[in-house]
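Structure, as structure tokens:
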Amino acid sequence: MSHNKIINLAVIAHVDAGKSTLVDAFLNQSGIFSEHEIPVDQIMDSNDLERERGITIYSKNCSIQYKDIKINIVDTPGHADFSSEVERIIKTVDTVILLVDSAEGPMPQTRFVLKKALEEGLNPILFINKIDKKDARVSEVVDLVYELFIDLEANNEQLDFPILYGIAKEGIARKELDQESSDLQPLFETIVNHVEPYPNYDDQPLQLQISSLAYDDYVGRLGIGRIFKGTVKKNQHLVVIDSQGNQFKGTVSNLFNYKGLNRQAVSEAFSGDIVMLSGFPHISIGDTLCVVNHIDPLPPILIEEPTLSMNFMVNSSPFAGLSGKYVTSRNIKERLQKELEVNVGLKVEETESTDTFKVSGRGELHLTILIENMRREGYELAISKPQVIFKHDDNDRLLEPIEDIIIEVPNGFSGSVISKLSIRKGELLDMEEKEKMTHMTWKVPTRGLLGYRSEFINDTHGEGTMVRHFRDFEDYKGDIDFRTNGSMVSVATGEAMTYSIFNLQERGSFFIGPQTQVYEGMIVGQASRDIDMEVNPTKNKKATAIRSSGADEAMKLVPHRVLTLESAIEYIKEDELVEVTPEAIRLRKRHLSATARKRANR
């Protein structure tokens with residue numbers, strides 16, 4: 001094996017700008033697929049959840065060969081809850097392709113990742129995507145990107161970024177807007193001309209930093225990172241230096257790099273390349289690997305602290321164990337320990353109760369992705385209402401996490417958004433009207449946003465967009481009023497009947513339909529008043545031999561609300577839980593019987 005010319009690049013953008021689609025086009029046009037292979041769309045989004053939701057959750061690597069240069073490509077998540085993943089990736093690349101939608105322009109998440117890239121001294125390439133959109137405003141979007149670069153204090157070299165225009169879905173890139181092109185050749189050429197391949201530092205002592213983790217049932221924990229200096233060989237003895245400066249020794253038992261979409265086993269890897277290695281069971285993000293006689297650690301990578309926590313509990317409902325394979329506290333604990341192997345933004349703590357675990361993460365999405373994966377793997381558990389993690393500063397002042405929110409809504413709905421966010425202690429930073437849409441920037445406490453997304457969708461009739469991003473910890477903003485409506489709680493166990501649901505409809509909206517199995521203490525709907533309402537959805541019409549005076553009218557039911565995991569977690573109050581099983585998501589009271597609830601309230 002010999003040293004290759006290597007360029008590492010990351011594709012960064014906001015959710016839905018087309019990152020994964022552009023990576024698809026890179027792979028399709030690089031000739032990595034043989035003739036009989038039919039490539040699928042968003043091939044890098046290999047996880048089932050990523051495919052369903054249409055978002056990238058985990059950053060992934062692949063490589064292509066262009067002329068004599070190996071290009072390692074990293075597809076990054078666009079969602080704010082996974083921003084710590086993007087930060088780490090930026091440290092391992094030589095350039096970034098900044099992907100911007102031709103109509104939307106740069107979005108808040110774009111700002112965040114671009115700031116990190118500029119701080120690392122990278123010179124980005126701008127790719128204006130979806131130029132075939134009817135509402136495309138290409139020249140205006142380019143001006144907005146220039147403003148963003150200036151705002152982020154880019155240097156002159158960074159401001160002189162190359163601009164390409166294209167349609168990632170069709171695999172087209174152009175250097176000029178009116179130029180004809182049928183492939184990504186202009187983008188390949190721009191990458192090679194704009195970025196110098198990584199210098200050859202093979203003759204220097206090894207310096208390899210871990211930027212992400214993976215787990216394999218056969219070989220254990222795998223570290224993924226870039227070789228900044230030197231070379232690494234299979235069976236080589238190395239020293240790992242962690243973020244505290246502690247050292248421990250180990251041997252490289254397996255060594256892989258990337259070829260196309262697959263990892264390939266190699267005996268040696270060279271400076272500049274991204275590799276995956278095993279043999280170090282306690283390796284973590286930011287650790288540096290060096291040769292035994294030359295210890296030279298790189299600055300550690302800081303991992304952002306969690307902002308939200310939930311309690312994961314053993315499912316204790318009457319329907320527990322009917323559909324799940326893993327239902328005990330030991331099963332849940334083992335699964336959470338396994339998740340900690342790769343999910344460094346997560347924190348798991350044991351509580352006073354043996355069947356409850358406190359799990360903290362970067363946001364609602366970060367935690368619900370974990371719950372959804374566990375549910376699909378056959379786990380049953382109960383989840384409590386999310387709690388914001390508070391901190392105290394040196395002067396013992398109480399601090400809470402604050403988020404930046406960027407909202408775009410039709411002009412007619414801006415009033416309701418302003419009133420709702422003001423009640424939730426939000427602070428309006430900027431607002432401007434553009435034709436039919438109002439663009440707003442807010443600063444809101446994280447706890448004020450719990451449960452707001454579904455309200456926002458209802459208030460804007462599904463036409464508004466809301467993007468959140470963690471800002472910082474600031475002084476506690478005071479008490480916030482949350483959901484005022486009570487719940488409709490079943491007092492009986494059995495099958496829900498059309499007759500009783502029809503007669504209860506005017507008292508609130510239902511989460512269940514007819515023939516749904518219910519139990520005492522299960523929440524079957526949202527009451528229209530501000531108190532909990534005890535109802536019996538299992539009551540059926542009495543059968544008598546006497547014919548009624550009028551013919552029975554057909555009972556028309558209002559369609560019930562289908563709860564997703566996110567909407568269920570947003571809905572619940574302190575005394576309520578979400579019951580998660582492979583087949584169903586249910587809401588329930590913490591105490592199932594009415595007498596137990598009264599006793600608890602006392």
Residues Asp24, Lys169: salt bridge by 4.0 Å N-O rule: no
Short N-O contact, Glu334 and Lys338, less than 4.0 angstrom: no
Flag, side chain of Asn129 to backbone of Val100, donor-acceptor distance under 3.5 Å: no
Arg226 to Tyr198, cation-pi by 6.0 Å centre distance and 45° axis angle: yes
Sidechain-backbone polar pair: Arg174 side chain, Gly166 backbone, donor-acceptor under 3.5 Å: no
From CG (Leu238) to NZ (Lys233), nearest 0.5 Å: 11.5 Å
Euclidean distance, Leu298 CG relative to Lys229 NZ, rounded to 0.5 Å: 8.0 Å
Distance-only side-chain donor-acceptor flag, Thr446 / Thr307, under 3.5 Å: no
SB check Glu104 Lys130 (cutoff 4.0 Å): no
Derivation of the ring-ring contact (aromatic ring centres under 6.0 Å, His included) call for Phe161 and Phe149: CA-CA 10 Å; Phe161 52 81; Phe149 270 72; 4.5 Å; yes
Within 45° cone of Tyr258 ring axis and under 6.0 Å: Arg263 NZ or CZ: no
Residues Lys133, Asp101: salt bridge by 4.0 Å N-O rule: yes
CG on Asn123 to OG1 on Thr95, rounded to 0.5 Å: 6.5 Å
Close aromatic pair by centroid cut-off 6.0 Å: Phe26 and Phe188: yes
Point-to-point distance, once rounded to the nearest 0.5 Å, from CG of Asn28 to CD1 of Ile64: 11.0 Å
Lys/Arg-Asp/Glu bridge criterion (N-O < 4.0 Å) met for Glu268, Lys234: no
Distance-minimising heavy-atom pair for Ser271 and Pro199: OG-O, 3.8 Å
Minimum heavy-atom distance Thr351-Thr356, with the two atoms named: OG1-O, 2.8 Å
